[in-house]
Amino acid sequence: MSQQSEELSPESASAEPNAAAGARILHMKARQFDLQKAIQQRAQESVEREAALDHEQRRPKPLKWAIALMIAAIPIVLTLSAVDTFLRVFHKYLDITVEQANQQQAEAEAAAAAAAAAAEAALPLQSNEPGVILLQPLRAPETPAAQAQPADPAAAAKN
């Protein structure tokens with residue numbers, strides 16, 4: 001930046017015969033240096049101020065980030081709770097199914113045990129040891145009428 005000051009002075013015209021008529025160029029080095037320094041200082045302050053504003057705008061704001069994370073976490077929480085609920089219901093269904101199967105198996109085992117006990121009771125008692133006699137209670141013979149009657153009273157009503 002080279003700024004030059006022109007002044008009209010009648011003295012310079014007489015001193016320099018080859019120079020332009022009535023004008024003399026004065027170099028103001030000290031003033032030009034101060035002016036350049038002031039301009040550079042103001043430009044530097046402006047650049048620093050803009051950089052500080054830009055940095056302030058780019059700086060993450062904790063509340064803004066917390067709100068964004070909370071909003072982003074909503075679908076994740078809903079998905080996980082839906083999967084958890086589904087698995088809980090599925091486990092309850094399996095527990096009920098297994099419990100019913102165990103109950104049916106227990107009933108079948110009880111019926112088989114009752115049938116085996118009835119079959120064993122119907123067999124005469126025998127001893128494997130010689131000379132041992134087992135006593136059995138006398139059973140009343142079943143009447144033919146009781147054997148002929150159906151076990152289902154509804155079927156008997158139809159006849």
Please table the atom pairs, donor to acceptor, closer than 3.5 Å between any side-chain atom in residues 76-83 and protein atoms at least two apart or in another chain.
| from | atom 1 | to | atom 2 | distance (Å) |
| --- | --- | --- | --- | --- |
| T79 | OG1 | P75 | O | 2.8 |
| S81 | OG | V77 | O | 3.1 |
| S81 | OG | L78 | O | 2.9 |

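Within the structure, salt bridge (charged side-chain N to carboxylate O under 4.0 Å, His left out) pairs that include any residue of residues 62-77 do not occur (at least two apart or interchain). Within the structure, side-chain hydrogen bond (donor to acceptor under 3.5 Å, both in side chains) contacts touching residues 83-101 (residues at least two apart or in different chains) are D84-R88.
Side-chain heavy-atom separations under 4.5 angstrom define the hydrophobic clusters, and V89 shares its cluster with no other residue. Think of I96 as one node in a network of Ile, Leu, Val, Met, Phe, Trp and Tyr side chains linked at under 4.5 Å; it has no links at all. Within the hydrophobic cluster formed by Ile, Leu, Val, Met, Phe, Trp and Tyr side chains joined at under 4.5 Å, directly or through other members, V98 stands alone, with no partner residue.
With rounding to the nearest 0.5 angstrom, the CZ atom of R42 is 7.5 Å from the CD atom of E45. For the atom pair CG of N102 and CD of E107, the computed distance is 11.5 Å after rounding to the nearest 0.5 Å.
When the side chains of ILVMFWY residues are joined at heavy-atom separations under 4.5 Å, either directly or via intervening members, I71 and L63 end up in a single hydrophobic cluster.
Not counting sequence neighbours, the partners of E109 by the side-chain contact (heavy atoms from CB on, under 4.5 Å) test are Q105. Every side-chain contact (heavy atoms from CB on, under 4.5 Å) that S46 has, sequence neighbours left out, goes to R49, E50.
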